[in-house]
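All values below were derived from every heavy atom in this structure, side-chain atoms included, with hydrogens, water molecules and symmetry-related copies excluded.
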Amino acid sequence: MRSCGVGLFIFFSLVLLTSTNVAAVRILTDLVFDGGDHHRDQEVPSYLQSALSRFFSSTSGSCDETYGFMPCTSTAIGNLFLIIVYGYLMFLAATFLSNGSELLLEILGPGIVGGLLLPILGALPDAMLILVSGLSGSKETAQSQVSVGMGLLAGSTVMLLTVIWGASVVVGKCDLQGSAAVDETDTKRFNLNESGVSTDNWTRYAAMIMVGSVVPFIVVQVPQLLSSSSGRRLAILIDFILSLVLLISYCTYQIVQPWIQMRHLNYLKSRRIVSGFLQHLKKRAIGKLLTEDGKPNIEVLSRLFKAIDLDHDGHLTAAELGAFVVGMQLDELKLDENDVVQKVMKDFDTTPDSKITFHEFQYGISKWLRDLNVPRSKNGVNQDTMKYLDDFHEETRRQQDLLGVEGDEAEGGGIENPKKAALKAALLLLAGTILAAVFADPLVDAVDNFSDATSIPTFFISFIALPLATNSSEAVSAIIFASRKKKKTASLTFSELYGAVTMNNVLCLAVFLALVYVRGLTWDFSAEVLIIVIVCVVMGLLGSFRTTFPLWTSFIAFALYPISLLLVYILDYVLGWS
């Protein structure tokens, strides 16, 4: 809670500062421009006087205090300080929510917590700011302030997919060999093609889902594209329902995703056991496992059976199979001896009596070869069966790597005191929620007042400044994970980035659409929607069609940030879209 104390100290200090801004300005100008007593008669240039007057002087006689008691000011410098203070408190809220939700995940594991609570809690500060941006004041005030919410929505999405995405590639880069990065190896330094990061297939799926989540942004723009004013309100209602459906679908997928992932991993593990066992048999066999007509080679299989049957009783036991598979180089294959033995006993022992007869052995071997689709020539089984098994085994290993590591290789440990940890998680979540709820409205008012004082559109202020407050903890966490220079941590980093943007596109947009519909506001954000769609589609497709990202891909991400700002400026303030 020390950081919270620091935030409150800064807060009350700045309240005092903003209440005495005139005196502060006078002292500042004396120090900077008078240069002390011996330069006091020197005149301040008129253009600097004009700039200072605009920045430090009040644009109106008074300001509205949020909640009737929160500090406010009409000067640009005063509101800048307030933005910093309230932004820091929103950053604390996001940090508390993030830490509390991660602690809860360690206690309860994935499923409802990881699939439902974490994504929603992660998007809560953004959603809160968007909500208050359109609730306060009259309809006209809400219409003016709602652009703060749109700026935050667009800014969060663009920052995560450009600056943070690109930074994650730079800090997480490893040497690229073939189509994958080598964990914890960074000898290529800043080679644009031979240095980069690799992710798993689940990260690709997350990128695909993110691309699909931009559909509501396109739907809400249909009336504008058709120049239809009558259908805009109906389109907003339909789009709100669509966003809710996508939100529920995404959370449901997140809940069942660990189960789906485990099913895929178990399937591939089973295939690797089969191909590895057959490889080992083929190395020990003198001759083909199958005859030219595709039937079991009784002579060869009989010799193998007798070699495994150590006590020569005509049956293979689990212990005898365990002794046989020791030579399979299980560590290299990332397989466990017990898993291999259990798989063989399960598939071969059809009786079942915990013993495998020669008939069961030969039937099981032929079935496994058929299941692997070993290619055959016109005259029977392909002569190069061993090469086929090697290729099949290597391809299965590659697919398993793309799906990520299994749970027993996960980092971290258990919670020693679950009750104490649960209480801490609850307090963190409560503190984060309260901070976000209390200081969201003052932050929006400060941004709006700063815009009035400087004539800078609220969209650009909120686009640049607010994501630094609400997404900083997420961004720092992503970069720290990426800096560990492992495929697993890189996959987690990019999956979290895609997931955060997906929640922006469904949850935060749903909140925004509900505000516009309930308060009868005008939807006029064509340029802003366009940059969200462009950035999500470009970065989403990049992540959907590849699992390896060379260093040069970071430049695409970095370039999209200034391009987005420039595009909004041209479309809204040069071409007059808004």
Within a strict 4.5 Å, meaning less than it, do heavy atoms of the [X] and [Y] side chains meet?
X	Y	result
Phe91	Thr470	no
Leu129	Val444	yes
Met208	Ser544	yes
Leu176	Thr548	yes
Met503	Asp126	no
Leu571	Leu567	yes
Leu551	Asn191	no
Leu192	Pro550	no

Worksheet item: Tyr498 vs Phe494 aromatic rings, parallel, tilted or perpendicular, using cut-offs 30° and 60°?
Response: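 Tilted, since the angle between the ring planes falls between 30° and 60°.
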Can you name the closest pair of heavy atoms from [X] and [Y] and give their distance?
X	Y	value
Asp572	Glu528	OD2-OE2, 3.3 Å
Ser462	Gly151	OG-CA, 3.2 Å
Ala440	Met90	N-SD, 3.9 Å
Ser198	Ser491	O-OG, 4.3 Å
Cys174	Ala181	CB-CB, 4.0 Å
Ala93	Leu435	CB-CB, 3.6 Å

Practice prompt. Show the numbers, then the answer: is there a side chain to side chain contact (heavy atoms under 4.5 Å, CB included) between Asp186 and Ser195?
Written response: CA-CA 8 Å; Asp186 186 18; Ser195 181; 4.1 Å; yes
Worksheet item: Run the side chain to side chain contact (heavy atoms under 4.5 Å, CB included) check on Asn201 and Arg204 step by step: do they pass?
Response: CA-CA 5 Å; Asn201 266 350; Arg204 288 180 56 237; 3.0 Å; yes
About how many Å separate [atom2] of [Y] and [atom1] of [X], when rounded to the nearest 0.5 Å?
X	Y	atom1	atom2	answer
Cys251	Leu507	SG	CG	8.0 Å
Met539	Leu541	CE	CG	10.5 Å
Gln254	Ile209	CD	CD1	7.0 Å
Ile130	Leu466	CD1	CG	10.0 Å
Leu497	Met210	CG	CE	9.5 Å
Thr157	Leu152	OG1	CG	9.0 Å

Item to complete: Using a cut-off of 6.0 Å, state whether more than 12 heavy atoms not belonging to Tyr569 lie near its atom OH.
Response: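 12 or below, so no.
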Discussion item. For a side chain to side chain contact (heavy atoms under 4.5 Å, CB included) check, start with the C-alpha distance between Lys488 and Asp183, then their side-chain angles and the critical distance, and finish with the verdict.
Written reply: CA-CA 9 Å; Lys488 176 186 174 182; Asp183 284 355; over 6 Å; no
Discussion item. I'd like to know whether Phe549 forms a side chain to side chain contact (heavy atoms under 4.5 Å, CB included) with Thr199, so could you lay out the CA-CA distance, the side-chain angles of the two residues, the decisive distance to 0.1 Å, and finally the verdict.
Written reply: CA-CA 8 Å; Phe549 304 98; Thr199 60; 3.8 Å; yes
Worksheet item: Within the distance-only criterion (no hydrogens, no angle test), does the side chain of Thr162 pair as donor or acceptor with the backbone N or O of Val158 below 3.5 angstrom?
Response: yes
Report the residues that fulfil ring pair (Phe, Tyr, Trp, His ring centres under 6.0 Å) with [X], sequence neighbours left out, ordered by chain and then residue number.
X	answer
Phe525	Phe512, Trp523
Phe217	none
Phe460	Tyr573

Between [X] and [Y], is any side-chain donor less than 3.5 angstrom from a side-chain acceptor?
X	Y	value
Thr185	Asp175	no
Thr458	Asp448	no
Thr493	Ser168	no
Ser495	Thr203	yes

Worksheet entry | Derivation and outcome, side-chain hydrogen bond (donor to acceptor under 3.5 Å, both in side chains), residues Asn504 and Ser156 | CA-CA 8 Å; Asn504 279 347; Ser156 293; 4.6 Å; no
Practice prompt. Please confirm whether Phe558 and Trp165 have ring centers closer than 6.0 angstrom.
Written response: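 For Phe558 and Trp165, the ring centres are not under 6.0 Å apart.
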Worksheet item: Can we call the ring centroids of Trp202 and Tyr205 under 6.0 Å apart?
Response: yes
Discussion item. Check Glu184 with Lys485, please: is the shortest side-chain N to carboxylate O separation under 4.0 Å?
Written reply: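 The answer is no: the pair does not qualify as a salt bridge.
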